Amino acid sequence: CVCVCASVCVRDCDVTDRHKMSRSTKDNIPPDASDFTTISALEFLCTKPAKDKETYECECKGDSPCDESTCLNRAIYIECTKRCSRGERCCNRRLQKRKFADVCVKAAGKKGHGLFLGSSAAALEADDLIGEYVGEVYDTYEFERRKEEYRRKGSKHLYFMNLDADHIIDSTRKGAITRFVNHSCDPNMVLQKWTVNGEPRIGFFASRPIEAGEELTIDYKYDRIDDDEHLCYCGSANCRGELDAKQDVRGGAGAAERALKKLTRSLDALCNEEGKLDPSGVLEFLKLMRSEFQANHRAAVLEVLGGSAELQVLNSFLRFRGLQFLRMYLESFIEVGDEALLTSMMHVLKLLPVGTKNVVNQSGILPFLEGLRGFGDESIASDATALAKEWSELEEVAVIEKHADAADPIELAIPRKWLGKFRESSLRSLEQRTGAKLAFTRDNHDPINRQLKLSGTEAEIAAAKLDVEQALATAAVEEVEKKSRGEEEAVRAAEVAAKVAETRKRRLSSEGEAAAANERADDSAEALLEGWEKAFDKAANKYYYYNSQDTADVRWEPPQTPIVQKAKRLNSQPDKLAISAADPMMIEAFREESRPARSSRSGAVATEAEITGQRMKMKKGIAECVGKILKRYRQKDCTVGRISSDSDYKHLCRKITHEIMKKEEGPDVDDATRHKIKNFVKGYMKKIGPNGFSRSASASSPPH
């Protein structure tokens, strides 16, 4: 991972990020940084690079915390996932957990401002994570456009960095405070590209011990994209004078030779006395493979691997996913078309003891071998074709990984009524916390419990068992509380039921007394005077008595003595007509006038206002019923009594309602009353006949 273009003097910005900063940092930021925005993660302005779908599980065992000495993933710059078998003990998730150093921005002399380790921060050791390089990410087309845009605006400080071959990180407008890092020909940090959850990310790591307050620097490895001269102000003993990575103050070719000699010394340290790669140095060898990009350096790496024919070394190389790195080498060799490098690659590939197709598929090397079938050199094309055919025919086997320190699994009984506490998501959460594997067994026919199987190391199983037992205890407490709440509700319901029963008892007692009074009234019925009758009033819940012959006298108590006829009183009132047995309508009207009004209050005589309200309620109910029935006679297809105008319709509603009110006494319109109203209206409209109704032509009265 190298800088495409970097700044001699780090631009100024308003630093507000998740990194820790001292007050002096903000005080030393010049005010011309309004165009910069701090962000904490990559912002993609194009399609994201394809995720690496392979999930690499490390092979750490025992109490190993996935450190640099034991973890395979860490050795090849791949962070472990949340499902790492080490659980919370895993130390190889630093970028995911943002375990960054305490850094700040300060003035850095001629270089402007730079990135410093905090004055109160703990000293750093080699390989400690310091921060992450973030910004806007786009493709090469947008890179060319932005580069031209910045040139037109006269921008002198650019912050481009390769994320991969097709994507560039631009921290000019947006980025983190790691953007303030300056160049040095003797840096104390290195950039490393890591794979995090299948996606590439770039981190700053200490290359040597760093003390608090020390400036943090990297080697820009600057690739010039213009004709401007970029001077270096690092002040180190081996300063190159310019940022151009190809320049060296001690001689251009000498720097490349010294780099190659340094690599050779590192490779020699990993070999035994015979000059072959030692089995204990395979992991360090893979680190060197990952960090080398120049063709002559990669040729030196392949030479060491090709001279190691020991089966133990080659098996370890494959087990540590070395074929994946060879695929990256092969891809770069094909791009340049170097026959010597490709010949060396074919030699190494033919040495590898590849036994299953799993290793081949995981590396992704097969398509590149098949692509060499038409290569110009027949020897290379032949070797590549033969390898592709041999490896494609290998058997793919299912591998069940089991750590050497795995303990015997145990099973816990989970009551079926509490299975809601152990859904799939809950089990996965338990696995992440404890590192154990949890799954319900399938061969369980117990109607009460299900068996939960716990597998893993002894410590993982113990931690998972404790969590499961705590979940069961919580479920038991909740059940007891729920049962207690149910009992309290049952007590309250019983109290309510008792009150209802007492109320019903008192009401039945009252009704019984009323019934007894009515029975006594029935017993005295034979003693009624001639012409007297009785009727039951539902509203008052008692009988009343009236004279049906000639007086229309109404009273609550039964008459026990002869009453004085009211004929004289009637004759003395000339406005009253004498009642005749031949005029039943007049008798009924007189009865209605003379009868004592009843209120809805049991046994109480209604007031005048209550009587008026009851009659209005009755009239409204009858009017609504009549209106609904008469609407049928407004339809065009009506053959009998059709109503042709709105005024006729309203007139009939009022007239029929008035006539019915003369006959009905009850306070409400019940189903029986509605039935009588329907028959009355039907008979009335039938009399009108097929010619329809018209107020001018109608002089008839409603039928009785």
Side-chain angles (χ1 to χ4, degrees), residues 535-541 544 546 548 552 554 575-601 604-704:
F536 187 75
D537 189 304
K538 293 182 179 180
N541 195 28
Y544 65 90
Y546 63 93
S548 61
V554 180
D575 57 328
K576 294 283 186 178
L577 296 176
I579 301 175
S580 171
D583 192 354
M585 291 297 295
M586 291 299 296
I587 294 175
E588 183 65 26
F590 190 81
R591 273 189 198 155
E592 182 67 28
E593 181 181 348
S594 305
R595 181 173 301 155
R598 273 85 62 185
S599 171
S600 58
R601 300 188 300 270
V605 178
T607 65
E608 183 177 354
E610 289 178 338
I611 295 172
T612 303
Q614 292 174 0
R615 297 297 293 174
M616 291 300 295
K617 181 180 178 182
M618 180 71 176
K619 186 175 182 179
K620 182 180 178 181
I622 293 174
E624 290 177 354
C625 185
V626 171
K628 290 180 181 179
I629 298 172
L630 287 180
K631 281 185 178 180
R632 304 172 189 171
Y633 294 91
R634 293 294 310 274
Q635 299 177 3
K636 293 182 179 181
D637 57 351
C638 181
T639 58
V640 176
R642 183 175 180 273
I643 305 171
S644 57
S645 66
D646 290 341
S647 61
D648 291 342
Y649 170 76
K650 294 178 181 179
H651 171 73
L652 278 176
C653 285
R654 287 193 295 268
K655 187 174 182 179
I656 295 177
T657 300
H658 179 71
E659 294 297 333
I660 296 175
M661 280 294 294
K662 295 179 181 180
K663 296 179 174 292
E664 294 298 328
E665 300 177 1
D668 297 316
V669 180
D670 53 14
D671 291 340
T673 305
R674 292 189 186 93
H675 182 69
K676 289 191 291 183
I677 293 172
K678 182 178 179 182
N679 291 337
F680 181 87
V681 175
K682 186 176 180 182
Y684 185 89
M685 301 307 290
K686 188 175 181 181
K687 278 191 173 186
I688 294 175
N691 295 329
F693 175 80
S694 174
R695 293 180 64 183
S696 59
S698 175
S700 62
S701 59
H704 301 292

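Position 1 is the first residue of the sequence; numbering continues from there. These numbers were taken from a predicted model, which means no experiment stands behind them.
- Summarising the geometry, atom NZ belonging to Lys687 is positioned 15.5 Å from atom NZ belonging to Lys682; distances are rounded to the nearest 0.5 Å.
- Taking all atoms of both residues into account, the shortest heavy-atom contact from Gly627 to Cys653 is CA-SG, 3.9 Å.
- Side chains of Asn679 and His675: a donor on one and an acceptor on the other come within 3.5 Å.
- Summarising the geometry, atom CD1 belonging to Ile677 is positioned 10.5 Å from atom CD belonging to Glu624; distances are rounded to the nearest 0.5 Å.
- Thr657 contributes atom OG1, which lies 13.5 Å from atom NZ of Lys620 (distance to the nearest 0.5 angstrom).
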Val626/Ile629 under side-chain contact (heavy atoms from CB on, under 4.5 Å): CA gap, chis, key distance, verdict: CA-CA 5 Å; Val626 171; Ile629 298 172; 5.8 Å; no
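- Here Lys678 pairs with nothing under the side-chain hydrogen bond (donor to acceptor under 3.5 Å, both in side chains) rule; sequence neighbours left out.
- Remark: side-chain polar atoms of Tyr684 are not paired, donor with acceptor, to backbone N or O of Leu652 under 3.5 angstrom.
- Annotation: the span from Leu630 atom CG to Met685 atom CE amounts to 6.0 Å, rounded to 0.5 Å.
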May I have the list of side-chain donor-acceptor pairs in residues 632-646 shorter than 3.5 Å, sequence neighbours left out?
from	atom 1	to	atom 2	distance (Å)
Arg634	NE	Ile643	O	3.3
Arg634	NH1	Asp646	OD1	2.8
Arg634	NH2	Asp646	OD1	3.1
Arg642	NE	Gln635	O	3.2
Ser645	OG	Ser647	OG	3.3
Ser645	OG	Asp648	N	3.2
Ser645	OG	Asp648	OD2	3.0

